[in-house]
Amino acid sequence: MRGLATRALVFGALGLVALPVLFLLYQSASLLTGEAVAVLWASSTWWATLRTVVYGLVVGVLCLGLALPLAWVTHCTDLPGRRFFQVVLNLPLAVPSYVSAYVVVAALGHGGWVHFLLEPLGVESMPDVRGGVGATLALLWSYPFALLVVQAALARLDPRLWEAAQSLGASPWQAFRRVVLPTLTPALGAGFLLVALYAISDFGAVSLLRFKTLSFVIYQRHDSILETYQDEAVFLSLLLVVIAGLFVAGLELMRGRVTASLSSQAAHRPWPVVPLGRWRAPATAFCVAVALVGVGLPIAVVAWWLGRGLYLGHDVGIPWRATSISAALAVVAAVVALGAAVAPALLGRFGRESDAAAVRVAALMGYALPGIAVGLALVSMVTANAYALYQTVTLLVAAYVIRFLPLALHTLSESLLAQNRRVYDAARSLGLGPTRAVTRVVLPMSRPALWAGLLAVLIAVIKELPVTLLLAPIQVGLPGMQPVQFETLATKIWSLTVDEFLSQVAPVVLILLALATAGLLLRPDTTKLRR
Amino acid sequence: MTSAIELSEVVVRYGDATAVHPTSLAVAPGELHVLLGHSGSGKTTLLRAVAGFERAAAGTILLAGRPVDGGGTWVPPERRRVGLVFQDYALFPHLDVASNVGFGVGAREVQRWLERVGLGDYASREPGSLSGGEQQRVALARALACDPSVVLLDEPFSNLDRGLRQSLRDVTVDVLRGAEATAIFVTHDAAEALGLADRVTVLHQGVRLQTGTPREVYETPTSRAAALCVGEASFLPRDGLGCALGSFVERDGSVGGDTVMLRPHDVVLADDGAPARVIRSVYVGAQTEVTLAVGNHEIRATFPRPVSGQVRVGLRGPVATLGG
Amino acid sequence: MNGLRWTPFALLALTLALTACDGPKEKPTTPTATPNADAGAAPDNAVAEKPAAQPLTVYCGRNEELVAPVLAAFTKETGIQVTTKYGNTQQLATQLLKEGDRSTADVFIAQDASTLGYLDGKGVFAPVAAETLAKVDASFYAASKNWLGATGRARVLVYDSSKLKPEDLPADVDGLTDPKWKGKVGWAPENASFKSFVAAMIQQRGPEATQQWLEKMLANEPRAYPKNTPAVRAVHKGEIEVALVNHYYLFRVSDEMGGTKAANHYFRNGKAESMVNLTGAGVLKTSKNGPTAQKLVAFLVGETAQKHFAEVVHEFPVLASVKAEGLPEHSSLNAPKLDVAMLDNLEETEKLLRAAKVLE
């Protein structure tokens with residue numbers, strides 16, 4: 001893994017991720033003398049920055065607040081239906097923010113479902129859920145990002161630590177607070193970071209609920225046909241990237257001392273070991289409530305739209321074209337992103353610590369690259385320098401890869417952690433060169449990890465909106481076929497909801513949820529793997 | 001005097017499978033009691049039931065005369081005052097050595113305990129930087145520092161190599177004795193069990209076969225299975241006061257039965273003994289381990305020197321008899 | 001698990017196939033491509049005795065649901081294939097400017113006049129054919145004759161008819177700054193239609209008075225919505241009492257909800273709030289299919305399209321022979337006389353909206 005060629009490959013892939021940032025830098029440098037740079041000192045920019053930071057922090061903390069107890073009760077306790085909940089509680093990840101935003105309004109808005117229930121009690125009007133509150137609620141659907149990380153960390157935590165603490169007289173709460181929580185710190189940090197970065201780069205919820213974060217402002221600027229405003233979008237994008245970078249750096253500094261459990265090769269006694277006792281009913285109710293709101297509510301809202309449309313005799317069709325384009329694009333982008341992520345992920349696992357740190361930061365940085373910044377940078381880049389690529393599937397796939405390579409890398413690295421590195425050594429000792437040891441032993445053993453990475457990117461691409469909006473080709477097709485007009489499930493949902501074609505959008509949303517859910521269900525549970 | 005630990009008719013089940021069949025056991029204060037058995041014998045399960053990590057499906061458990069499980073009582077692990085030492089140490093990775101030892105509720109004299117286990121200078125070290133043996137000594141100090149009523153050790157040395165295991169065994173016994181602690185020690189290693197126990201309980205497939213001093217369980221086992229759990233044994237059918245090796249004297253404490261049990265050292269080379277054919281002879285230094293055919297029976301013996309071909313063998317002294 | 005072994009290869013094949021389809025598309029986008037090369041790229045279309053018309057590429061800033069039926073009718077009537085890129089009007093306009101003379105777009109359909117005017121100012125449009133312009137009144141096309149209105153959208157005050165009667169409503173938008181409307185007014189400030197309205201107000205009153213009005217409105221705590229339709233739906237649900245929007249969103253909400261208690265109020269006061277904005281279209285100067293593109297623009301103001309816009313979308317037709325159902329006579333709206341091309345003072349409008357803190 002130390003060959004120069006491997007290094008080149010690895011840093012080439014990571015360089016690709018950095019490309020949009022570099023271009024933004026280049027572009028802003030050339031704009032420094034212009035009028036647009038003044039946007040950086042505008043008070044509205046400071047407010048948007050403040051909102052962005054607070055949004056990231058609040059969403060991160062709230063999602064962690066959901067994820068930690070959920071991970072604990074579904075992983076470590078004798079909760080009834082644990083396995084069912086372990087799967088179902090991850091499904092809200094399938095709901096994109098531009099859908100959950102509608103769900104929040106439908107449920108909590110004036111004339112919404114909660115209002116309907118409260119009206120007989122004399123509640124005449126509901127507080128406005130638009131703005132920060134609504135956007136925060138809409139992003140709670142992203143808590144599975146944190147849940148997945150915490151679950152994985154709990155799977156690596158030796159339950160004997162819990163038992164040791166109890167045998168030393170610690171009550172369950174003390175054992176949790178003094179042993180489990182400190183050993184989970186790095187995972188909690190990572191989970192917080194994933195959610196917070198998702199929030200600060202969110203585009204759907206803040207647009208639909210008009211919460212004026214940097215993403216919102218960038219999109220408004222980009223929306224304008226005035227050149228100065230578009231130039232301002234460049235600076236604001238860069239500012240957003242910097243904020244995200246600060247989040248990553250801050251967390252990297254706060255990283256805990258020890259990550260993995262010390263226990264050696266001895267087989268773990270499997271969780272769960274914690275009896276819930278009288279907490280059984282409340283814990284079950286909590287899980288059921290989260291599952292109902294996270295999964296049931298979006299489906300119910302969309303089904304309601306569909307039902308009303310069918311009742312009114314609206315023409316509701318199945319979006320075959322958008323579905324097949326979305327599926328094909330997602331598969332292609334996922335395969336390419338995964339292919340590009342394999343070498344860096346291996347270097348991160350089996351290489352030097354400095355390489356591992358670089359790979360880890362690159363993986364996190366990717367989340368921090370808002371789709372809108374990636375899209376914007378690529379559009380400017382190719383229109384200026386590579387027009388032949390403009391509005392091509394190739395560029396769109398490249399953008400997906402840039403945006404989601406870090407996701408593939410992250411998923412892959414996490415899963416590779418579960419792999420015993422002595423197996424690699426064993427393969428080397430059996431006469432395999434490094435490359436063959438990787439292709440014949442490490443990668444086949446990592447098949448669950450590869451699937452997990454593939455499906456993670458697949459879901460992300462299907463949901464991705466701003467990149468698709470900005471880089472959409474006009475038409476798309478297979479060789480020998482009449483090209484068809486380009487559209488994806490995400491862009492179709494977006495354009496239909498703009499003018500509230502709710503009954504028409506319902507089947508599109510349902511298909512998107514079904515595809516993403518299928519991806520989540522198919523994903524192998526890499527947390528079950530042991531070192 | 002009240003037993004420090006008293007189990008009566010304790011049953012532990014995992015779902016439909018019964019891991020421990022009705023088992024009774026009493027451990028006196030200050031006693032070092034070993035649960036000996038192969039894997040699957042239920043020894044760790046029984047230990048976990050005492051610690052409070054498994055619940056007895058039937059029967060009662062008393063610690064220092066106080067019911068902790070069964071008969072409608074249930075005391076959670078953290079209030080049983082048991083110190084637990086694990087096979088893989090289970091040190092808290094986020095705490096340094098002193099904080100690990102001082103973790104327990106009511107833990108006192110951290111530094112003194114560290115010195116007792118020979119790690120006086122290790123207080124501020126990270127657990128990850130310690131060797132296996134050192135980690136296990138920290139775990140022992142941690143278990144003892146909060147003055148437990150009993151110490152439970154679950155195969156504490158099985159992750160260590162042989163030399164380290166012996167020295168650590170000595171340290172552990174010294175420390176436990178010095179603290180006058182009551183301890184239950186689980187192991188599958190018969191030599192370890194015999195070497196450190198006051199009394200040994202032999203478990204097999206969830207059933208208690210025998211409890212006794214190391215000598216008793218080694219020399220006068222109550223069944224073939226018990227005999228095999230504690231060490232090497234050969235069995236010959238009994239014919240009145242004789243067997244294939246000639247007449248014998250029944251050892252005191254034998255349970256009696258139609259089988260003669262021979263430990264390898266019970267068989268000696270004797271010019272006037274019964275003829276035997278050497279099947280295998282393995283030289284291991286201080287002695288030679290020999291497999292012999294006597295008539296149509298196969299027996300194992302240890303001789304001071306290598307042998308081959310035909311030899312004559314007899315009994316060294318009294319031997320144990322047991323039921324089929 | 002055996003099947004798994006082949007999965008990577010199947011995926012790779014799909015990847016290659018999908019990216020390969022960029023091939024034929026890239027050719028016409030290459031600036032150096034000759035018309036002959038274009039014809040060669042699409043041999044399927046070249047079999048007819050007379051050379052079939054080139055397929056058209058349309059950038060459409062209006063909603064697909066509303067426009068696609070018209071384009072389908074065009075293809076059906078003329079046999080000319082149309083590929084459409086749908087999006088937000090302003091974004092597509094930006095994109096057209098970025099693409100410059102490399103653009104593959106033939107026709108741009110926009111949902112507001114100011115964007116068309118702005119683009120025209122940048123010189124991207126070719127003149128609209130004289131016979132097409134002749135079909136409509138001169139007030140419906142640009143003075144430059146480079147783009148043409150397709151439909152009209154009147155500014156209205158949508159109100160909750162269960163709580164308010166028309167006589168309760170103010171005579172003009174200044175009335176909405178009255179404290180009695182505090183928290184009861186909805187608008188969609190990021191929307192192009194709102195910006196056009198403000199641009200018209202600037203034209204009528206000048207920037208200072210417009211900014212004053214905006215600031216007074218803000219003091220009255222209007223509820224802001226991301227688009228016009230959610231604002232109308234908020235009136236429908238009773239969340240707010242009135243909303244400053246375009247007239248046709250009411251029909252959209254009514255269709256979606258199966259009827260509504262929201263209703264349109266036309267100010268009819270000759271001021272900016274009575275303006276009728278135009279959706280429209282222009283042929284790109286860079287189009288290689290000029291004559292075909294002109295056919296499409298002509299079709300948009302033809303009877304078929306106009307009927308669709310009037311009856312299904314509920315917009316004001318620009319063709320005198322077509323009448324809109326459920327809408328007042330266009331002439332009764334007392335719309336202000338505005339120079340549509342002057343509405344391209346977008347820059348001033350945006351700056352003013354930001355200065356007044358209506359926009360970030």
Side-chain angles (χ1 to χ4, degrees), chain A residues 76-78 80 82 153-154 156-189 254-279 353 530-531, chain B residues 14 44-45 47-48 50-55 74-96 99-107 126-132 135 138-139 142-155 158-160:
Chain A
C76 303
T77 72
D78 57 352
R82 277 184 324 119
L154 281 177
R156 287 200 295 270
L157 180 70
D158 186 348
R160 269 174 254 239
L161 292 179
W162 168 269
E163 293 178 346
Q166 284 217 297
S167 74
L168 293 167
S171 69
W173 167 242
Q174 286 171 323
F176 183 79
R177 194 173 51 82
R178 293 179 59 196
V179 173
V180 176
L181 220 46
T183 42
L184 282 185
T185 307
L188 292 174
M254 281 159 44
R255 235 179 143 76
R257 288 188 288 185
V258 189
T259 57
S261 139
L262 286 174
S263 66
S264 49
Q265 57 278 33
H268 284 192
R269 173 168 288 276
W271 291 94
V273 297
V274 184
L276 278 172
R278 64 200 157 91
W279 290 98
E353 176 51 31
R530 300 275 176 249
R531 270 166 215 238
Chain B
Y14 291 120
T44 296
T45 307
L47 187 86
R48 292 173 56 80
V50 173
F53 294 119
E54 308 293 345
R55 255 183 117 141
W74 167 254
V75 176
E78 68 270 21
R79 283 193 265 130
R80 292 193 180 190
R81 294 187 57 227
V82 293
L84 205 50
V85 178
F86 296 88
Q87 179 178 356
D88 46 8
Y89 332 128
L91 296 185
F92 304 123
H94 60 293
L95 302 176
D96 65 17
S99 306
N100 261 283
V101 176
F103 182 93
V105 173
E126 299 293 324
S129 68
L130 304 185
S131 73
Q135 289 194 40
V138 175
R142 181 178 71 175
L144 286 166
C146 43
D147 190 26
S149 67
V150 289
V151 181
L152 307 175
L153 303 100
D154 185 8
E155 306 236 12
S158 60
N159 274 352
L160 306 172

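All heavy atoms count here, side chains included; hydrogens, waters and symmetry mates do not. Chain identifiers are assigned alphabetically (A, B, ...) following the order of the sequence lines, protein sequences preceding nucleic acid strands; residue numbering begins at 1 within each chain.
- A164(A) and A90(B) make their closest contact through CB-O, 4.1 Å (heavy atoms, listed as atom of the first residue, atom of the second, distance).
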Take F92(B) and L161(A), measure what side-chain contact (heavy atoms from CB on, under 4.5 Å) needs, and give me the verdict at the end. CA-CA 7 Å; F92(B) 304 123; L161(A) 292 179; 3.8 Å; yes

Start with the C-alpha gap between R48(B) and E163(A), add the side-chain angles, then the distance that decides, and say whether side-chain contact (heavy atoms from CB on, under 4.5 Å) holds. CA-CA 10 Å; R48(B) 292 173 56 80; E163(A) 293 178 346; 2.5 Å; yes

Would you check, one step at a time, whether the test side-chain contact (heavy atoms from CB on, under 4.5 Å) holds for D158(A) with F86(B)? CA-CA 11 Å; D158(A) 186 348; F86(B) 296 88; over 6 Å; no

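- Using a 4.5 Å cut-off between heavy atoms, P172(A) contacts chain B through both its backbone and its side chain.
- Here the side chains of H94(B) and T185(A) are not in contact, with every heavy-atom distance at 4.5 Å or above.
- The distance from atom CG of D88(B) to atom CZ of R160(A), rounded to the nearest 0.5 Å, is 4.5 Å.
- Looking at R142(B), its side chain never comes within 3.5 Å of a backbone N or O of L168(A) through a donor-acceptor pair.
- Heavy-atom minimum distance, F53(B) versus S167(A): CZ-N, 4.2 Å.
- Remark: R79(B) CZ is loosely packed, at most 12 non-hydrogen atoms of other residues, nucleotides or ligands lying under 6.0 Å away.
- Contact between E78(B) and A170(A) at its shortest, heavy atoms only, is CB-O, 2.9 Å.
- Looking at A165(A), both its backbone and its side chain come within 4.5 Å of chain B, counting heavy atoms on both sides.
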